[in-house]
Number of protein chains: 2
Amino acid sequence: MLRMTYQREIILEELKRVKCHPTADQLYEMVRTRLPRISLATVYRNLEVMSDAGIIKKLEYAGKQKRFDGNIENHHHIRCVKCGKIDDVAVKTVTEGNQHILDAAGYTDIRQRLDFYGLCPECKRREAEHSQNGESVSIHCACEDVLDGMDSKKNK
Amino acid sequence: MLRMTYQREIILEELKRVKCHPTADQLYEMVRTRLPRISLATVYRNLEVMSDAGIIKKLEYAGKQKRFDGNIENHHHIRCVKCGKIDDVAVKTVTEGNQHILDAAGYTDIRQRLDFYGLCPECKRREAEHSQNGESVSIHCACEDVLDGMDSKKNK
DNA sequence: ATCCTTGCAAAAAATTTGCAGTTAG
DNA sequence: CTAACTGCAAATTTTTTGCAAGGAT
C-alpha cells in the first residue's frame with residue numbers, strides 16, 4: 001500500500017507546481033532545494049510508483065530521458081524536435097483541422113504521431129494463465145522467430 | 001554526404017526485413033549473424049544517421065530503449081503496456097470510432113496518446129539568429145525560471 | 001586524396017538495485 | 001510491530017565518443 005512520506009509529498013508538490021514536464025534529475029534538483037538530503041534514487045523510485053499508481057504521468061517518448069507530468073487529465077503534448085521542450089496542447093479531438101491551434105502556439109514544422117497503448121493478445125492470455133502474481137513478461141514480438149534467442153540481455 | 005557502406009546496407013536490410021520494431025541491440029544481434037565483426041557502436045551510429053536522413057524512423061517513445069522502424073510511410077503504432085511490443089495500426093485519421101480496428105487486432109484496455117512534434121518559437125528564433133551552423137540548443141523550458149541553473153549536468 | 005566510416009575500448013548518461021537503517025500506518 | 005520507504009553506493013543498462021585504421025567516392 002502506498003504511504004505518503006514527506007519525500008513523496010514534496011516530489012509531488014514540486015511536480016505539480018510547474019507547468020513544464022521535468023526529467024527525473026531536474027525534479028531531483030528542484031526537490032533538493034527543500035530536501036537537501038534526498039537521493040536521486042528516491043526520486044526515481046517515487047516517480048515510478050506514483051506513475052504506476054496513476055497519481056502522475058510518465059511521458060516516455062522523450063528518447064533519452066523520461067519526463068513526468070503532474071497533470072493527469074487527458075491532454076496532449078507538443079515537443080520541440082530541437083530542444084526537447086514539451087508543452088501542453090489544447091487539442092481534444094484529432095483532425096488535420098487543429099493545425100491552427102499549434103500555429104497559434106508559435107510552433108512550426110509540425111508533425112504528429114498517434115500512439116496507442118493496450119494489452120496485446122499474448123500478454124492478456126498469459127495474464128489469464130498465471131493470474132496469481134504480477135510477474136513481468138519478456139518482450140514478445142511478432143517477429144520472435146527472427147529475434148528469438150538473439151537478445152543480448154537475459155529476460156529478467 | 002551519406003556513403004553506402006556494406007555495414008549500413010546490411011543494417012538497413014535487416015531492419016526492413018522484419019515487421020517488428022527492434023531496439024538497437026536486437027538489430028545488432030540480427031546483423032551480427034551476417035557481419036560477425038560489426039560493433040554495437042556502428043549500429044547505433046548508423047541508426048542515428050539513417051533516421052536523421054529520413055531513411056528509417058526512430059520510435060522514441062519506448063521509455064528505456066528506442067525502437068527503429070524500417071517503414072517510413074506515415075503510420076501509427078500500438079504498444080503493449082506490458083511487454084513493450086509495438087505493432088502497426090491501420091488507422092489513418094483519428095477518431096474514437098476507430099476503436100474497432102484495435103479491437104480486431106486483439107488488443108484490450110486501449111488508451112491512446114497523440115503527440116505533436118515541431119520547432120518551438122525559441123528554437124526557431126535562435127535558428128534564425130545564428131543560421132550558420134547546426135549548433136545544438138540547450139533545453140529551454142517554459143519554466144526555466146524554476147529549473148534554471150539547477151540542471152545537474154552541463155549543457156553540452 | 002579526402003573525409004566519412006569502422007571497430008575497439010573507454011566514457012558518459014540514465015536508471016536500477018542491494019542493503020542496513022528509518023518511518024508511516 | 002512491520003512492511004513500505006529511505007539514503008547511500010555500487011551495479012546495470014543504454015548510448016555516445018576518441019582514436020587510429022580502413023574504405024567509398
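Just so we're on the same page: letters track the sequence lines, and every chain starts at 1.
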From [X] atom [atom1] to [Y] atom [atom2], the distance as rounded to the nearest 0.5 Å:
X: A/D69; Y: A/C20; atom1: CG; atom2: SG; answer: 9.5 Å
X: A/I56; Y: A/L47; atom1: CD1; atom2: CG; answer: 4.5 Å
X: B/K57; Y: B/L15; atom1: NZ; atom2: CG; answer: 12.0 Å

Among pairs that include at least one residue of residues 42-54 of chain B, which meet salt bridge (charged side-chain N to carboxylate O under 4.0 Å, His left out), considering only residues two or more places apart or in two chains?
B/E48-B/K58
Compute the bend angle of the helix from C/dA1-D/dT25 to C/dG25-D/dC1 from the end axes (five pairs per end), rounded to 10°.
50°
Taking the side chain as everything from C-beta on, heavy atoms only, tell me whether [X] gets closer than 4.5 Å to [Y].
X: A/I11; Y: A/M30; answer: no
X: B/V18; Y: B/P22; answer: yes
X: B/K66; Y: B/L59; answer: no
X: A/D88; Y: A/H21; answer: yes

Send over the distance from [X] [atom1] to [N] [atom2], rounded to a whole Å.
X: A/Y28; N: C/dT15; atom1: OH; atom2: P; answer: 15 Å
X: B/I10; N: C/dG7; atom1: CD1; atom2: P; answer: 12 Å
X: A/E9; N: D/dC5; atom1: CD; atom2: P; answer: 14 Å
X: A/L35; N: C/dT23; atom1: CG; atom2: P; answer: 13 Å
X: B/D25; N: D/dT12; atom1: CG; atom2: P; answer: 17 Å
X: A/F68; N: C/dT15; atom1: CZ; atom2: C1'; answer: 10 Å
X: B/R67; N: D/dT15; atom1: CZ; atom2: C1'; answer: 16 Å
X: B/R32; N: C/dT6; atom1: CZ; atom2: C1'; answer: 16 Å

Verify the contact: side-chain N or O of A/R37 to OP1 or OP2 of D/dT6, cut-off strictly under 4.0 Å; return yes or no.
no
For C/dG7, does either OP1 or OP2 sit under 4.0 Å from a side-chain N or O belonging to B/Q7?
yes
Can you give me the N/O atom pairs linking the protein to nucleotides 22-25 of chain D at distances under 3.5 Å, or say none if there are none?
unit_1, atom_1, unit_2, atom_2, d
D/dG23, N2, B/R3, NH1, 2.5
D/dG23, N2, B/R3, NH2, 3.3
D/dA24, N3, B/R3, NH2, 3.4

Apply the test side chain to side chain contact (heavy atoms under 4.5 Å, CB included) to residues B/E14 and B/L27: give CA-CA distance (whole Å), side-chain angles for both, the deciding distance (0.1 Å), then the verdict.
CA-CA 7 Å; B/E14 288 298 312; B/L27 208 38; 4.1 Å; yes
For [X], check side-chain contact (heavy atoms from CB on, under 4.5 Å) against everything at least two apart and list the hits.
X: A/L35; result: A/Y6, A/Q7, A/I10, A/V31, A/I38
X: A/R3; result: A/T5
X: A/M1; result: none
X: B/L2; result: B/R8, B/V49, B/A53, B/I55

What pairs with A/T42 under side chain to side chain donor-acceptor pair (under 3.5 Å), at least two apart in sequence or on another chain?
A/S39
Who passes side chain to side chain donor-acceptor pair (under 3.5 Å) against B/E13, sequence neighbours left out?
B/R34
Polar atom pairs (N or O), protein with nucleotides 10-12 of chain C, under 3.5 Å:
none

Specify the residues of residues 49-56 of chain B, ordered by number, for which at least one heavy atom lies under 4.0 angstrom from an atom of DNA chain D.
none
For A/Q26 and A/Q65, what are the C-alpha separation, side-chain angles and deciding distance, and is it a side chain to side chain contact (heavy atoms under 4.5 Å, CB included)?
CA-CA 11 Å; A/Q26 285 175 325; A/Q65 283 172 284; over 6 Å; no
Return the residues of residues 39-48 of chain B meeting this criterion: a heavy atom under 4.0 Å from some atom of DNA chain C. Order them by number, or give none.
B/S39, B/A41, B/T42, B/R45, B/N46
